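Notes follow once the structure below has been shown.
Owing to the predicted nature of the structure, the values given are computational and were not obtained by experimental measurement.
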Amino acid sequence: MNFIEEMTWRGMIHDIMPGTEEQLNKEMTAGYIGFDPTADSLHIGNLVQIMTLVHFQRAGHKPFALAGGATGMVGDPSGKSQERNLLDNKTLNHNLECVKKQLEKFLDFDCGDNAAELVNNYDWFKEINFLDFIRDVGKHISVNYMMAKDSVKSRLETGMSFTEFSYQLVQGYDYYWLYENKNCKLQMGGSDQWGNIVTGTELIRRKGQGKAFAITTPLIKKADGTKFGKTAGGSIWLDKNKTSPYKFYQYWFNASDEDAANFIRIFTFKTKEEIEALESEHKEAPHLRVLQKALAEDITIRVHGKEELQNAIEASQLLFKKGDEAIAAFKNISEQLFNDVFEGVPQGEVAMSELEQGIEIVSFLTEASGFLPSNKEARRALKENSISINKAKVKMDAIVNTSVLIDNKYILLQRGKKNFFVVKVV
RNA sequence: GGGGAGAUUCCAGAGCGGCCAAAUGGGGCAGACUGUAAAUCUGUUGGGAAACCUUCGAAGGUUCGAAUCCUUCUCUCCCCA
């Protein structure tokens with residue numbers, strides 16, 4: 001199966017420039033995707049592009065991952081309704097380093113002819129001065145053409161700086177440069193990048209008299225219409241310090257049936273047969289969530305490794321066990337495992353001396369442990385019957401004392417099904 | 001430079017000088033139903049046990065009383081030059 005076929009059945013192709021498939025079938029082709037250093041970590045939205053590059057490499061082509069040291073300084077207006085604030089150089093460089101490190105984890109940089117390469121567009125842009133750029137590059141692209149782009153058109157009402165307006169030319173030049181210097185004939189990216197990519201192929205056609213191609217991936221959507229990769233707490237990051245492996249695992253595990261079926265095609269390398277088998281298994285016994293499980297395991301292991309996955313699974317099992325079973329499991333846990341398992345779960349501390357005297361539930365939930373922000377919130381939660389201590393629901397008038405200690409050290413607090421909090425007694 | 005519009009609680013968006021901690025929708029959280037799913041229904045969504053306290057871009061002022069009136073300032077948007 002070739003690259004295009006692979007991408008097609010996985011639902012990862014949104015738009016493709018005519019002639020692309022012929023080019024890919026003809027020879028080993030170099031292709032690239034750009035990543036902007038807007039944060040100090042990539043998030044799971046970028047994972048689509050990463051997977052695309054990996055598929056590309058697996059199909060025998062040569063992938064380039066471009067870190068946008070230069071484009072990051074300008075700011076891509078695509079999909080943005082407002083002018084963006086520019087990052088200062090220090091932040092930008094820090095972000096760039098972090099992003100580079102993450103990208104290196106996914107691609108094979110040492111496999112001969114089609115080994116992946118990492119490039120930074122700042123390396124060629126730092127040599128270019130403004131006058132040369134507007135003479136040699138700007139001359140080939142008309143303002144009319146640039147204005148016709150969606151990213152520009154949609155901003156005509158609210159306004160847009162010259163800086164952001166120029167963005168497509170800067171990105172276009174990247175493509176041109178890679179075409180000239182690395183024989184790169186394909187650029188891929190999210191569907192919002194189509195305009196920018198096409199400016200590049202246009203530049204290659206006019207300035208380089210060459211032919212270059214483009215593929216975009218669809219914007220990933222969830223069935224309920226909410227944004228993919230975002231939770232109330234923010235993005236799901238690939239950096240485990242920003243999103244713990246436990247949370248990361250849980251994000252995928254909690255995917256709806258419909259989403260899980262789409263995600264497993266996009267974010268794993270499982271074959272069509274494997275996926276279809278999983279799907280029918282899932283249909284037989286939906287409550288087992290085999291689809292979500294397979295999805296979550298596959299991605300977590302690739303991003304965080306086997307060990308972190310194990311911890312995430314153990315934490316999940318422990319936290320979602322029912323009643324006595326959970327407590328039993330909890331009691332047997334070693335301190336080491338406890339720390340690993342609950343790394344991503346918020347924690348607080350309470351003094352043993354206080355606990356011995358007994359603490360009224362409301363103040364235990366707030367001042368003593370720091371689980372909930374205010375007494376009012378605590379009362380509300382108790383009224384809603386949503387608070388559990390060690391998996392058992394508690395009432396408004398409860399007094400917390402040493403009798404609820406697990407292993408003489410911990411208390412597991414919980415609000416609702418999914419919000420956990422560990423109190424360590426010191 | 002000239003003219004106009006606006007800034008409200010997480011977001012959008014109402015808001016007669018007293019009955020406004022502030023309508024409504026969205027989002028969030030929780031409960032029921034489940035499968036740690038979706039859909040649906042219900043409750044809740046500044047702090048305080050309460051009296052009451054702190055909030056409606058900022059600072060002053062008028063008033064017994066201001067998110068609502070006045071002054072200045074800051075910021076945003078639109079139109080004209």
Side-chain angles (χ1 to χ4, degrees), chain A residues 80-85 154-161 221-236 244-264 278-297 299-300 309 312-323 325-326 329 341-342 344-346 360-367 370-389 391-398 412-421:
Chain A
K80 301 281 185 306
S81 55
Q82 282 194 338
E83 185 82 14
R84 303 203 303 187
N85 291 325
S154 62
R155 286 277 293 280
L156 249 33
E157 279 289 307
T158 53
M160 147 182 241
S161 66
K221 283 202 204 100
K222 293 205 290 177
D224 62 5
T226 55
K227 261 192 187 152
F228 166 75
K230 300 269 185 203
T231 63
S235 301
I236 305 289
S244 71
Y246 168 75
K247 274 207 184 123
F248 186 86
Y249 176 84
Q250 283 287 327
Y251 181 81
W252 299 103
F253 191 86
N254 275 307
S256 69
D257 291 0
E258 202 177 328
D259 289 337
N262 294 329
F263 293 171
I264 202 163
L278 281 167
E279 278 175 327
S280 58
E281 198 185 327
H282 185 269
K283 234 174 233 162
E284 295 278 311
H287 60 283
L288 294 180
R289 306 171 74 83
V290 283
L291 217 45
Q292 283 88 342
K293 238 175 239 178
L295 173 71
E297 284 179 17
I299 306 177
T300 308
L309 169 68
I313 292 176
E314 267 175 66
S316 302
Q317 285 173 346
L318 212 54
L319 292 174
F320 287 97
K321 255 185 195 144
K322 308 256 192 273
E325 216 184 319
V341 162
F342 289 107
V345 177
E360 198 239 329
I361 183 70
V362 173
S363 60
F364 179 76
L365 290 172
T366 54
E367 296 130 51
F371 180 33
L372 299 178
S374 71
N375 290 356
K376 201 163 192 174
E377 183 81 24
R379 272 195 204 92
R380 192 181 298 135
L382 286 162
K383 209 160 113 197
E384 284 166 341
N385 197 27
S386 64
I387 299 291
S388 308
I389 292 181
K391 289 278 175 178
K393 296 276 184 190
V394 289
K395 295 252 154 49
M396 190 77 87
D397 53 7
L412 179 65
L413 291 179
Q414 189 175 352
R415 179 178 191 186
K417 272 181 218 161
K418 298 178 190 173
N419 295 312
F420 296 96
F421 192 88

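I387(A) has its CD1 atom 14 Å from the P atom of C29(B), to the nearest Å. Taking atom CG of L372(A) as the reference point, atom C1' of A30(B) lies 12 Å away to the nearest angstrom. As rounded to whole Å, 11 Å separates atom P of U36(B) from atom CD of Q292(A). Atom CH2 of W252(A) is separated from atom P of G35(B) by 25 Å (rounded to the nearest Å). Atom pair L291(A):CG and A37(B):P shows a separation of 15 Å (rounding to whole Å applied). Atom CG of L288(A) and atom P of U34(B) are 17 Å apart (whole Å). Atom CD in E297(A) sits about 15 Å away from atom C1' in U36(B), given to the nearest Å. Distance NZ (K417(A)) to C1' (G31(B)): 10 Å, rounded to an integer number of Å.
Counting any heavy atom pair closer than 4.0 Å across all strands shown, K393(A) reaches sugar-phosphate atoms only and no base atom. A260(A) comes within contact range of no nucleotide atom at all, as no heavy-atom separation falls under 4.0 Å.
No more than 12 heavy atoms of other residues, nucleotides or ligands sit less than 6.0 Å from atom NZ of K221(A). Residue-environment remark: NZ (K247(A)) stays at or below the threshold of 12 foreign heavy atoms within 6.0 Å.
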Problem - Check against side chain to side chain contact (heavy atoms under 4.5 Å, CB included), E367(A) and N375(A) - result: CA-CA 9 Å; E367(A) 296 130 51; N375(A) 290 356; 3.6 Å; yes
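Taking the P atoms as reference points, A81(B) lies 36 Å from C16(B), given to the whole Å. Separation of the C1' atoms belonging to C52(B) and U71(B) is 32 Å when rounded to the nearest angstrom. Taking atom C1' in both C77(B) and U62(B), one finds a spacing of 31 Å when rounded to whole Å. G61(B) sits 39 Å from C79(B) when the P atoms are compared, rounded to a whole Å. When the C1' atom is used for both G27(B) and G13(B), the distance is 14 Å, rounded to whole Å. For the C1' atoms, the distance from C41(B) to U34(B) is 14 Å, rounded to whole Å. Between A22(B) and C56(B), the two C1' atoms lie 8 Å apart (nearest whole Å). Between U9(B) and G3(B), the distance separating the two P atoms is 30 Å to the nearest Å.
Secondary-structure annotation of RNA chain B gives the stems B:1-7 with B:74-80, B:10-12 with B:24-26, B:27-32 with B:40-45, B:57-61 with B:69-73, with a stem taken as at least 3 successive Watson-Crick or G-U pairs whose two distances both fall under 3.5 Å.
Note on E384(A) versus R379(A): no salt bridge recorded, every NZ/NE/NH1/NH2 to OD/OE distance being 4.0 Å or above.
Under the 4.5 Å side-chain criterion, counting only non-hydrogen atoms from C-beta, E297(A) is in contact with K293(A).
Looking only at distances, a side-chain donor or acceptor of Q292(A) sits under 3.5 Å from a matching main-chain atom of A255(A).
Taking the six-membered ring wherever Trp is involved, the centroid distance between the rings of F263(A) and F228(A) falls below 6.0 Å. Between F420(A) and F371(A), the distance from one ring center to the other does not fall under 6.0 angstrom.
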Problem - Protein proximity profile, nucleotides 41-52 of chain B - base contact B, sugar-phosphate-only contact S, no contact -, cut-off 4.0 Å on heavy atoms - result: --BSS-SBS---
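Within the structure, every side-chain polar atom (N or O) of N254(A) is placed at least 4.0 Å from both OP1 and OP2 of A38(B).
Checking A38(B), U36(B), G35(B) against the side-chain heavy atoms of S256(A) singles out A38(B) as nearest.
For E258(A), the side-chain hydrogen bond (donor to acceptor under 3.5 Å, both in side chains) test picks out no residue, with sequence neighbours left out.
Under the 30°/60° scheme for interplanar angles, the aromatic rings of F248(A) and W252(A) are found to stand perpendicular.
Annotation: cation-pi pair R415(A)/F421(A) absent, no NZ/CZ under 6.0 Å from the ring centroid and within 45° of its normal.
Between Q250(A) and N385(A), it is N385(A) whose nearest contact on RNA chain B lies nearer the 5' terminus.
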